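All chains are named by letter (A, B, ...) in the order of the sequence lines, taking the proteins before the strands, and each is independently numbered beginning at 1. Because the structure is predicted, anything quoted here is derived from the model rather than measured. When reading the values below, keep in mind they use all heavy atoms of this one structure, side chains included, and skip hydrogens, waters and symmetry mates.
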Protein chains: 2
Amino acid sequence: MAQHDLNIVHQQCGDCPIRHRAVCARCETDELQQLEEIKYYRSYQAGQTIIWSGDRMDFVASVVTGIATLTQTMEDGRRQMVGLLLPSDFVGRPGRDKAAYDVTATTDLVMCCFRKKPFEEMMGKTPHIAQRLLEMTLDELDAAREWMLLLGRKTAREKIASLLAIIARRDASLKLKTQKGALVFDLPLTREEMADYLGLTLETVSRQVSALKRDGVIELQGKRHVIIPNLDRLIEEAGDDSDGGFLI
Amino acid sequence: MAQHDLNIVHQQCGDCPIRHRAVCARCETDELQQLEEIKYYRSYQAGQTIIWSGDRMDFVASVVTGIATLTQTMEDGRRQMVGLLLPSDFVGRPGRDKAAYDVTATTDLVMCCFRKKPFEEMMGKTPHIAQRLLEMTLDELDAAREWMLLLGRKTAREKIASLLAIIARRDASLKLKTQKGALVFDLPLTREEMADYLGLTLETVSRQVSALKRDGVIELQGKRHVIIPNLDRLIEEAGDDSDGGFLI
DNA sequence: TGGCGGTTTTGATCCATATCAAAGCTGCGT
DNA sequence: ACGCAGCTTTGATATGGATCAAAACCGCCA
C-alpha cells in the first residue's frame, strides 16, 4: 500500500533488488515516519483541473496512479505542455507559494500530498530529503532540455517518434518487465494533448501517427493501443542521440 | 574580489541592502570558509569549448564574468541551445559525472570552480547548500519551461522579442540600476547563436530583428548595440503573460 | 437501436519559415 | 590602405506544417 509517496526520500541502497525511485522497505527511517504524519491522499477525475496557474498552492505531492500534465497558456489560447507527470513523479515547489502552471489530471488520478509548511520544515532538518529532491529536480531539468531540443529542432515525424519512445520506455520501466520483445501500451494522451506536448496541431499529429503506422514503425489497434515491434527502429526515427527520456 | 562564488550558499537576510544572489558579506559562515578552501578559478576565451557532452566533469562552477551556453547537437548537426549562463549562474550536476551538454564560452569567461567530490561531501553536511542549490535548480526549471512555450508556440517575431526582453531584464538587474528609462545593452550573442536559442535559422533572426527595428520596437546602433525605448512595448510583442525570465 | 458529443481522420489550400544564393559590412592583421 | 574572414543582410524560391472544412469513427446514454 503506502507506495509511491515514499519514493521522495528513497535513498538507493546497493543490494536492494527494487529499482531506483520505487519503494524499498529496507530504507525506511525516521524521516519516513515524519513524512507519514503530514501526508494525505487526493483523488481527481480524468479531465479535472487540479490547480490553475497563479493559484495558491499549499502542498507538494507525488503522483501515485494516473497521469497529470503541466501546461502553460498564452492569452490567445495557444497552449504548450511543459510537464507530464507519471506515477512516482513529484509536483510542487518548496519555496514558492503560487503555482506557475495549470496542473490537470488527464486520467483518473491519485496524488499523495504533503502540506508544504511542515514539508519545508522537515527539509530544513533532514539533508536527505533536500538532496533527493535536488536529484529529482535535476533529472527533470535534463528532461526539459531534451524536450527543448525536440520542440526547437525536430520534424513533426521525429517529434511523434520521440514521444512514443518516451512513453514506451517509461511504461516498460513501470511494468518492471525488461524483456526485449515488442512493447505494448495504451496511449494516455489524446491527439490534442500530444499536439500540446509536441508544439504541433492535432491534425499534424494524426497524420504523422498514420504515417509511422503505414511505414511499419508502429502498429495500432484502435486509436490508442500501440505496439512497438522494434524499439530501436522507433528511436532511430526519433533522431535521438541521447539515451533518452528516462524521466519525463 | 571573492564575488560570485559566494552566491551559491547565500542566504537572503532581511535587512541586507545587497540584491538576492549577490555577495553579502554579512552572511559569511563556516560553510563559506569551507567552500573557499576547495575553489579555484578558470578562464576561457570567447568561442572556446569548456566541456563536450559526454566528457567527464569533475567540478561544479559558478560564472563570474562573461557568458557561456549549453547546447545539444543532433548527429546531422542541428543544434539547440538549452541553457544560457550569465554571471552568477551555476553549472554542473552534483551526482552525475558526465556532462550532458556542450558547454561553450561565447565571450571571454571566468568561472569559479569547486571540485565535485568535496563539494558533494559538503552538501551532505550542510543543508543550507543543498537547499540553496535546489532553489536555484527550480528557478532554472521554471526558465526552461518558459523557454519550452517559446519554442513550441511562439512566432519568429515573438521569439526575438522574448529573447531581447530576457536579455534586457537580466542585464538591467546585473547593473543594479532599476531606473525606468530606456534600456541599453550589447547583444552578447551572434545571429546564429540567437537562432540556436530560439529554434530558428539565422536568416529568420536577421529578418525579424530588422522588422522590430523598422517598427520602432527597438533601435540599433551597429549590429549589436540595442536600445529598448519602451520595455512594455517589447514585452507586448513577446506575447508573454508571465513576469518573464527573471532567470534564464 | 438510434442519435449525439467527443475524438480522429482525411482532404484542399495557405503561409511562415527554411533553404539556397549572393552581396554588404566590419574589424583585424600585414 | 588593402584584403580577407567572419558576420550580417537581402532576395528568390521551396516546403513542412498550419488552417479551414468535412466526413468517419466510437462509445455511451436514452
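- Across all their heavy atoms, B:Met111 and B:Ile50 have their closest contact at CE-CG2, 4.1 Å.
- In this structure, the CD atom of A:Gln208 is 16 Å from the P atom of C:dT8, given to the nearest Å.
- Around atom CD of A:Glu192, no more than 12 heavy atoms belonging to other residues, nucleotides or ligands sit under 6.0 Å away.
- Taking every side-chain heavy atom of B:Thr204 into account, C:dT17 is the closest of D:dT9, C:dT17, D:dG17.
- When atom types are taken as modelled, the side chain of B:Asp108 and the backbone of B:Ala46 share a donor-acceptor pair closer than 3.5 angstrom.
- Across its full length, the helix from C:dT1-D:dA30 to C:dT30-D:dA1 shows an angle of 30° between the axes of its 5 terminal pairs at either end, rounded to 10 degrees.
- Residue B:Leu202 contributes atom CG, which lies 11 Å from atom P of C:dT19 at whole-angstrom precision.
- Comparing D:dC7, D:dG17, D:dT10 against the side chain of B:Ser210 picks out D:dT10 as the nearest.
- Residue contacts shown for A:Arg157 are absent, as no nucleic acid heavy atom lies under 4.0 Å away.
- Rounded to whole angstrom, the span from the CG atom of B:Asp196 across to the P atom of D:dC7 amounts to 13 Å.
- In this structure, B:Lys159 atom NZ and C:dA16 atom P are separated by 14 Å, rounded to whole Å.
- In the set C:dT10, C:dA18, D:dG17, the nucleotide with an atom closest to the side chain of B:Leu200 is C:dA18.
- Rounding to whole angstrom units, CD of residue B:Glu192 and P of C:dT19 are separated by 13 Å.
- The interatomic distance linking B:Ile160 (CD1) with D:dT9 (C1') rounds to 14 Å, in whole Å.
- Here the shortest heavy-atom pairing between A:Gln221 and A:Ile227 reads NE2-CD1, 3.7 Å.
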Sub-3.5 Å pairs of nitrogen or oxygen atoms, protein against nucleotides 20-29 of chain D:
residue : atom : partner  : partner atom : Å
D:dC20  : N4   : A:Glu203 : OE2          : 3.2

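- In terms of heavy atoms, A:Asp89 sits closest to A:Leu84 at OD2-O, 3.6 Å.
- Residue B:Thr155 has its side chain nearest to C:dT17 when only C:dT10, C:dT17, D:dT9 are considered.
- Dashed line: the shortest gap from a side-chain N or O of A:Thr201 to OP1 or OP2 of D:dA18 is under 4.0 Å.
- Using a 30° and 60° split on the angle between ring planes, A:Tyr197 and A:Trp147 fall in the parallel class, below 30°.
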